[in-house]
**Student:** 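The structure's right below; bear with me while I get my questions together.
Just so it is clear, the structure is predicted and the values come from calculations on it, not from any experiment.
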Amino acid sequence: QVQVVESGGGLVQAGGSLNLSCTVSGRNSDDYGLGWFRHAPGKSREGVLCMKWSGGSVTYTDSVKGRFTISRDNDRERAKSTLYLRMNSLKPEDTAMYYCAAEWLGDCAGSWDGAYWGQGTQVTVSS
């Protein structure tokens with residue numbers, strides 16, 4: 001079992017940047033696939049970007065290509081992994097609650113039904 005906590009959301013003007021962080025704490029946290037998802041009012045939750053437990057990333061939505069990047073640091077000694085989301089050239093349509101999820105041995109291709117989820121961090125982009 002791991003704990004997932006997101007941080008870094010806020011209000012930014014269109015064209016601006018934000019960095020989100022997701023701290024995953026627990027034994028073998030580096031053996032989890034980690035993903036960013038977002039949920040905007042009136043829309044379904046959508047995947048944004050994901051990093052596989054074994055390495056490599058997957059982009060779930062074309063609208064963030066070239067603007068968002070994902071990276072990860074693993075600290076097995078401290079039983080902690082941190083997932084980052086760098087968001088550039090933000091648009092009003094990026095406004096959403098952003099969630100981080102951790103899935104055991106996740107390869108970014110599953111349903112995430114058995115994943116551990118954080119509480120989310122709000123990103124608001126003004127026009």
**Student:** How long is the span from the OG atom in S126 to the CD atom in Q13, to the nearest 0.5 Å?
**Tutor:**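 Reported to 0.5 Å precision, the distance equals 5.0 Å.
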
**Student:** Check the hydrophobic clustering (I, L, V, M, F, W, Y; side-chain heavy atoms under 4.5 Å; chains of links allowed) and say if Y99 and Y32 are grouped together.
**Tutor:**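 Result: no, two separate clusters.
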
**Student:** For residues 105-122, run the donor-acceptor check on the side chains, cut-off 3.5 Å, and write out each pair with its distance to 0.1 Å, sequence neighbours left out.
**Tutor:**
from	atom 1	to	atom 2	distance (Å)
D107	OD1	A109	N	3.0
S111	OG	D113	N	3.3
S111	OG	D113	OD2	3.2
W112	NE1	Y60	OH	3.2
T121	OG1	G9	N	3.0
Q122	NE2	A96	O	3.4
Q122	NE2	T124	OG1	3.4

**Student:** Determine whether W36 and C50 satisfy the following criterion, side-chain contact (heavy atoms from CB on, under 4.5 Å), listing intermediate values before the conclusion.
**Tutor:** CA-CA 6 Å; W36 284 106; C50 174; over 6 Å; no

**Student:** Which atom names give the shortest non-hydrogen contact between V4 and A102, and what distance separates them?
**Tutor:** CG2-CB, 4.1 Å

**Student:** I'd like to check W104 versus V2 (side-chain heavy atoms, cut-off strictly below 4.5 Å). Are they in contact?
**Tutor:** no

**Student:** Minimum heavy-atom separation for L34 to I70, with atom names?
**Tutor:** O-CD1, 4.4 Å

**Student:** Check each of D30, D31, D75 against S81 using the side chain to side chain contact (heavy atoms under 4.5 Å, CB included) test, and report the only one that passes.
**Tutor:** D30

**Student:** Under a 4.5 Å side-chain heavy-atom rule over Ile, Leu, Val, Met, Phe, Trp and Tyr, are L49 and V58 clustered together?
**Tutor:**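 Different hydrophobic clusters.
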
**Student:** What are the two closest non-hydrogen atoms of A14 and P92, and how far apart are they?
**Tutor:**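 What the structure gives for the nearest pair is CB-CD, 4.1 Å.
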
**Student:** I need the minimum non-hydrogen distance between S44 and H39, along with the two atoms involved.
**Tutor:**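 Closest approach of S44 to H39, heavy atoms only: C-CD2, 3.9 Å.
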
**Student:** Using a side-chain heavy atom cutoff under 4.5 Å and only I, L, V, M, F, W and Y, what cluster partners does L11 have?
**Tutor:** none

**Student:** Should D62 and K65 count as an ion pair when the cut-off is N to O under 4.0 Å?
**Tutor:**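 Salt bridge present between D62 and K65.
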
**Student:** So how far is it from T69 OG1 to Y84 OH, rounded to the nearest 0.5 Å?
**Tutor:**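 Separation between the atoms: 12.5 Å.
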
**Student:** Measure from the side-chain N and O atoms of T82 to the backbone N and O of T23, and report whether any donor-acceptor pair falls under 3.5 Å.
**Tutor:**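 No: the side chain of T82 does not pair with the backbone of T23.
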
**Student:** As a test of understanding, state which of L18, D94, L20 forms a side chain to side chain contact (heavy atoms under 4.5 Å, CB included) with F68.
**Tutor:**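 When L18, D94, L20 are each tested with F68, the side chain to side chain contact (heavy atoms under 4.5 Å, CB included) holds only for D94.
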
**Student:** Using a 4.5 Å cut-off on heavy atoms from C-beta on, say whether the side chain of V125 contacts that of M87.
**Tutor:**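 In short, these two side chains do not touch, never coming nearer than 4.5 Å.
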
**Student:** Output, in order, the C-alpha distance, side-chain angles, deciding distance and verdict of side-chain contact (heavy atoms from CB on, under 4.5 Å) for V64 and R38.
**Tutor:** CA-CA 12 Å; V64 305; R38 64 187 182 184; 4.1 Å; yes

**Student:** When clusters are formed by joining ILVMFWY residues with side-chain heavy atoms under 4.5 Å apart, either directly or through shared neighbours, do F37 and L83 land in the same one?
**Tutor:** no

**Student:** To the nearest 0.5 Å, what is the distance between NZ (K43) and CD (E93)?
**Tutor:** 7.5 Å

**Student:** What's the shortest heavy-atom distance between R72 and K52, and which atoms?
**Tutor:** NH1-O, 3.7 Å

**Student:** Just checking, is any N or O donor in the side chain of N74 or R76 under 3.5 Å from an acceptor N or O on the other one?
**Tutor:**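 Not at all, the side chains of N74 and R76 share no donor-acceptor pair under 3.5 Å.
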
